[in-house]
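Working notes, beginning with the structure itself.
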Amino acid sequence: MTQPEQAATAFDALHTRHAATLMRQAYLLTGRPWLARRAVERGFWLAWQRWPEVAVDPDPAGWVRAAVYEYALTPWHRLCPGLRTARGPRNPSAAGLSDGALAAALLRLPAPHRRALLLHDGVGLGLDATAAEIEASVPATAGRLRHARERIAALLPQLGLDGQPPERQGEILRARLTTLPGPPQVPPPVTGDVRSGSERSAQRITRTAFGAAWLFALVTLVTIALAPDHYVPHPERPQAGVPHSRMPADRQRGADTRERRSEVGEQRDAAREEANPAREEGNAAREEGNAAVRKKIRQARLAPEIR
C-alpha cells in the first residue's frame, strides 16, 4: 500500500469513528442540524488538507473536534438566518425533564460557557484539557463551568443540581448529556465525499489566489502602460474678474510707493549735504569765539602781576 493510500485509509477510519459523535456535539452547540453537519464537514476538510500535521498529533480526534467547535460557534453565522444558532425557549422547565428541555437549556447559555460545559461534562475532558482546548486559563474555565451549571440548575430544577457538590453536578450532567440524540434526519457526511470535497475546496482556494494575483498583475501593467513617461505640467487656469484686474494696479502702486520712498531719501541726503558746510562754519566760528574768550581770561589773570 502506497503512502497516499495509507493516509486515506487512516483518515477514513478517523472519520468513521468520530463523525456521528461530532455531529451530535455540534448539534448541541448550535441547535441547527444543517449547521452541525456543515461544521463537521468543514472540520474534516481542514483535517485532510493538513493531514501530515493531524496524523502526528497525539489526539487527532481532538484536533478535528476543536476545528468543528470553532466553525460551529463562529460569530458570522449570526448574519445568515440559515446558519444562525437556534434559541432555546425562555422557560425550558415548562417542558419537563426531557432531552429537548436539556438541549434548550444548553442553548440558553453563552457560547463560551456552553462549549466548556459540553467538553468537560459531555465529552469527559479534564479541567486542564478543557482549558487547553478552549484556549483559556484553568481558573477562567472553572468559572465558566460553575456559571453554566448554576444556570442549568436554575432553568431545570428537576435535574437536582442545586445544592450538590461540583463533582456530583458533573456526574449528573454527564449522564444526561451522553444520552442526548443527534440532529434528526440529517446524516453525517460520507467519508469518500469528505476527502473529495476537501480536495476540491483546496483547488478552489488555489485558483482563487492565482486569479487574484493575475488580476493584480494585470491592473498594475495597465496602469504602467497608461501612465505618462514624463512630467506634464498642469495648465494654469486664468483668474477671472476682479483678481486678474487688480494685479497690475497692485504692482503699479507698489512701484510708485518705492519710487516716492527713493525720492524722499535722496532729498534727505541732499539736505544733509547742504547743511554740513553751514554746520562746519558755525563750529569754526564757535571755536574762534571760545579761543578769544580763553585769551581774555588768561590776560585778566596775568594783569596784576604785570602791574
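The shortest side-chain heavy-atom distance between Tyr71 and Leu46 does not fall under the 4.5 Å cut-off. Leu102 is listed as a side-chain neighbour of Leu159, based on a closest heavy-atom distance under 4.5 Å. Put simply, the side chain of Val138 does not reach to within 4.5 Å of the side chain of Thr141, judged on heavy atoms. Side chains of Val68 and Gln25 form no contact here, defined as non-hydrogen atoms less than 4.5 Å apart. A 4.5 Å side-chain heavy-atom check between Ile152 and Leu117 finds at least one atom pair inside the cut-off.
Taking each heavy atom of Pro60 and Asp57 in turn, the nearest pair found is CD-O, 3.4 Å. Summarising the geometry of Val40 relative to Ala26, their closest heavy-atom pair is CG2-CB, 4.5 Å, with the distance given to 0.1 Å. Ala116 and Leu145 make their closest contact through O-CD2, 3.6 Å (heavy atoms, listed as atom of the first residue, atom of the second, distance). Nearest approach of Pro183 to Met23, heavy atoms of both residues: CG-CE, 3.6 Å. In terms of heavy-atom proximity, Ala103 sits nearest to Leu28 at CB-CD2, 4.4 Å. Scanning all heavy atoms of the two residues, the minimum distance from Leu73 to Arg114 falls at CD2-NH1, 3.9 Å.
To the nearest 0.5 angstrom, Thr30 atom OG1 is 13.5 Å from Arg37 atom CZ. Annotation: the span from Ile134 atom CD1 to Tyr69 atom OH amounts to 11.5 Å, rounded to 0.5 Å. Expressed to the nearest 0.5 Å, how far CD1 of Ile172 lies from CZ of Arg149 amounts to 10.0 Å. How far CG of Leu155 is from CG of Leu161: 10.5 Å, rounded to the nearest 0.5 Å. Taking NE2 from His120 and CZ from Arg174, the interatomic distance works out to 6.5 Å, rounded to the nearest 0.5 Å. Taken from CD in Glu5 to CG in Asp12, the straight-line distance is 11.5 Å, to the nearest 0.5 Å.
Under the 4.5 Å side-chain heavy-atom criterion for ILVMFWY residues, no single connected hydrophobic cluster contains both Tyr27 and Leu118. Linking ILVMFWY side-chain heavy atoms closer than 4.5 Å, directly or via other members, places Leu29 and Leu106 in a single hydrophobic cluster. Val123 and Leu180 fall within the same hydrophobic cluster, defined by Ile, Leu, Val, Met, Phe, Trp and Tyr side-chain heavy atoms under 4.5 Å apart, directly or through other members.
Taking the charged nitrogens against the carboxylate oxygens, Glu41 and Arg38 have no contact shorter than 4.0 Å, which rules out a salt bridge.
Relative orientation of the Phe11 and Trp51 rings is perpendicular, given thresholds of 30° and 60° on the angle between their planes.
Counted within 6.0 Å of CG on Asp162, heavy atoms from surrounding residues, nucleotides or ligands total 12 or fewer; the atom is thus considered open.
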Next item on the list: Applying side chain to side chain contact (heavy atoms under 4.5 Å, CB included), run through Leu173 and Arg176 and close with a yes or a no.
Entry: CA-CA 5 Å; Leu173 287 173; Arg176 294 303 306 271; 5.7 Å; no

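Looking at Arg65, Arg42, Arg115 one by one, the single match for salt bridge (Lys or Arg N to Asp or Glu O under 4.0 Å) with Glu70 turns out to be Arg115.
A distance-only check finds no donor-acceptor pair linking the side chain of Gln164 to the backbone of Gln169 [under 3.5 Å].
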